[in-house]
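One structure is given here, and the rest of the page talks about it.
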Amino acid sequence: MGIEAYKNLLSDIGVDVEKHAKMMNAGLESYKKQFLSQPNRPEAMKYFDWFMSEIQGERIAEINRIKKERKPAVGTFCIFVPEEIIVGAGGACYGLCGGSPATIPDAESELPRNICPLIKSAYGFKLQRTCAYTQSSDFIYGETTCEAKKKTWEILDKHHPVHVMNIPHMKRDRDLRMWKEEVYEFKKHIEDVIGKKLTFEEMVNGVKIINKKREALQRLDSLRSMNPDVVPISGKDGLFITQMGFLDDPVRYTQKVNELCDELDKRVQDGVSVFKKDTPRLMVLGTPFAPPNWKLHTAVESTGGAIVNEESCIGHRYYKDNVDLEGVEDEDTLIDRLMRRYSEIDCACFTPNTPRIDKILKMYKDRQADGVIYYTLSFCHTYNVESHLVVEALEKEGIPCLIIESDYSAEDTGQIKTRVEAFLESLTFKKKAKLFKDIK
Ligand code: BJ8
């Protein structure tokens, strides 16, 4: 239907309809240009194209129907949110807008300029009232991961209710005990929103729904990255699908991702690749890509490389672990399993964070990648500083790595392209040299 049909609904939830329409039109144009022009896209991408066209229309109407039934609508900027509890309550948990440069100047009227663009962009969306997801949410989930986010919640709370979960920065037993209490408190907060107690069965149901969603994404990841000769879908489409997983209804989304995977499975069997043979295969490591941040993927894939995986929160870090339901028969064990699953997240906010490095090395080998790009958003100190340790480990293993630090502006697009181009050339040269050595 398109967002035009939802003007009244958007205005009812406090969206600045005029500004919002301008922004959406620009977003849709950019999507068309960057995505629809790709050759040989899978048929099943049609669903995701449709979803994009309804991203601030039909999906918002669905969320508002959920709210009318007094079920929770929760917006987030972080994968530490125990979404199983929200979904178990029949509610919607979704990522909020935070990937556009257009809202940053407004945010800088209240926040310092030298903090990460994700935070400023998201904050600006709230000030401008141009994200229908933010406007629809009962509350925003905040967490104590990085300094900038932690302090921003206090200011954002003046504009929109925020519930902050205290995420520890170490994973000792006493930290995990505190984390478990935080999960209990989050559940209590959801119960306050819906005005009733959540049952054990409802929560188990929420876990099952989200486990299935993560399994579908694991399947997509393996189809994208585990076949060295066939890449059946572009990295840009792969990223986009993952991004939409933070907005769509999880049951419908799981079904659509699995349908896409059936098609990709067939492509792999038939040897249908969207990249020509010997295209350098890259993994991207680091900070999340909130839509419409497609800058790096566009730069790489328009320069002759293929991105086969994102070791990112909008990527592998989000779906790599499931909640173990084996032997879970009471609420306390369930909450404990939830906390344990979330404590497997290897965000750079933790110290030490060595499991992340071991995981990256394993991922690289499993995917037979040719190189990695370590990507950080400007002013993200945790990921930026941690890059030193990651790169050291990569160098030890002889893994080629390019470091890119960027924000949401278009200013460095040309520079990124040039650096990626040079990196890809060096990878191709390395490959040829190896081939030559093997033949000799
Ligand atoms: S679990 S990466 S989603 S905190 S990029 S706002 S860390 S300054 S987004 Fe993140 Fe959760 Fe960690 Fe993932 Fe701060 Fe860094 Fe900005 Fe970040």
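The figures that follow rest on heavy atoms only: side chains count, while hydrogens, waters and symmetry mates do not. Counting starts at 1 for both ligands and their atoms, in listed order.
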How about [X] and [Y]: are their ring centroids closer than 6.0 Å?
X: Y123; Y: W153; value: no
X: F240; Y: F48; value: no
X: Y133; Y: F125; value: no
X: Y375; Y: Y383; value: no

Give the residue and atom name of whichever protein heavy atom lies nearest to [atom], and the separation in Å to one decimal.
atom: atom 14 (Fe) of ligand 1; result: C146 SG, 2.3 Å
atom: atom 15 (Fe) of ligand 1; result: C380 SG, 2.3 Å
atom: atom 13 (Fe) of ligand 1; result: C313 SG, 2.2 Å
atom: atom 6 (S) of ligand 1; result: K149 CE, 3.3 Å
atom: atom 11 (Fe) of ligand 1; result: C78 SG, 2.3 Å

Which ligand 1 atoms, with their elements, are less than 4.0 angstrom from a heavy-atom of F77? 3 (S)
Sub-4.0 Å atoms of ligand 1 with respect to non-hydrogen atoms of Y383: 2 (S)
For ligand 1, does [X] get within less than 4.0 Å through its side chain, its backbone, both, or neither, judged by non-hydrogen atoms?
X: F80; answer: side chain
X: P288; answer: side chain
X: C116; answer: side chain

Given I345, T145, I119, T287, identify the one with the heavy atom nearest to atom 5 (S) of ligand 1. T287
Minimum non-hydrogen distance to atom 12 (Fe) of ligand 1, winning option of P117, C347, A148, A122: C347
Do [X] and [Y] sit within salt-bridge range, that is, some charged N less than 4.0 Å from a carboxylate O?
X: K150; Y: E143; answer: no
X: E69; Y: K196; answer: no
X: D324; Y: R341; answer: no
X: R59; Y: E62; answer: yes

